[in-house]
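Remarks on the structure that follows.
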Amino acid sequence: DIGEAALLVRRSLRSGQRVTHDSHIIVLGDIHPGAEVISGGNVLVIGSCRGMVHAGAGGNASAKIIARRLEPTSLSIADKRLSQELSKTMPNKCQVVRLSGPNFVFEKLQTGR
């Protein structure tokens, strides 16, 4: 079984850098404050996500944002944006964010079964 295509970014993204892709994006590094990632699918960050991240751009409400450490300056999935007030109350060690209806759901990454 072959998975879906994704854009692989083999570096950390610094302030002022922007990556956009119609499908999934995998970042092998960190997303620093001031950097932007905009994906039509899921966003997977093998590092810290401290910049702006938008998964499901174009309306994909089933998209997820997954990071080893999730502390974004701005977070959006589909047409929903997490408010600045709510983002300050994100649970510590949150690694997965998804939508359930109109609400953001924060989870720890479950590895294995």
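Residues take their numbers from the sequence shown, with the count starting at 1.
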By salt bridge (Lys or Arg N to Asp or Glu O under 4.0 Å) - contacts of R50 (at least two apart): none
Heavy-atom side-chain contact between E107 and Q95 under 4.5 Å: no
G40 versus N60, closest heavy-atom pair with distance: O-ND2, 3.4 Å
Under 3.5 Å donor-acceptor, S48 side chain and R69 backbone: no
Which residues share a side-chain contact (heavy atoms from CB on, under 4.5 Å) with L44, sequence neighbours left out: I26, I46, I66
Stepwise side chain to side chain contact (heavy atoms under 4.5 Å, CB included) check, L13 with V9: CA-CA 9 Å; L13 298 172; V9 179; 4.1 Å; yes
Verdict with reasoning, L28 to R11, per side chain to side chain contact (heavy atoms under 4.5 Å, CB included): CA-CA 6 Å; L28 299 179; R11 60 182 161 72; over 6 Å; no
Side-chain donor or acceptor of S74 paired with backbone N/O of M52 under 3.5 Å: no
E36 side chain near V53 side chain, heavy-atom distance below 4.5 Å: no
Path from F106 to V43 over hydrophobic side-chain contacts below 4.5 Å: yes
Euclidean distance, I65 CD1 relative to H54 NE2, rounded to 0.5 Å: 8.0 Å
Any side-chain heavy-atom pair of L75 and F104 under 4.5 Å: yes
Note, R68 side chain near V45 side chain (heavy atom, < 4.5 Å): no
Flag side-chain contact, heavy atom, 4.5 Å: L70 against V97: yes
Atom pairs and distances, side-chain donor-acceptor, residues 14-25, under 3.5 Å, sequence neighbours left out:
unit_1	atom_1	unit_2	atom_2	d
R14	NH1	H32	NE2	2.6
Q17	OE1	R14	N	2.6
S23	OG	A5	O	3.1
H24	ND1	N42	N	2.8
H24	NE2	E4	OE1	3.0

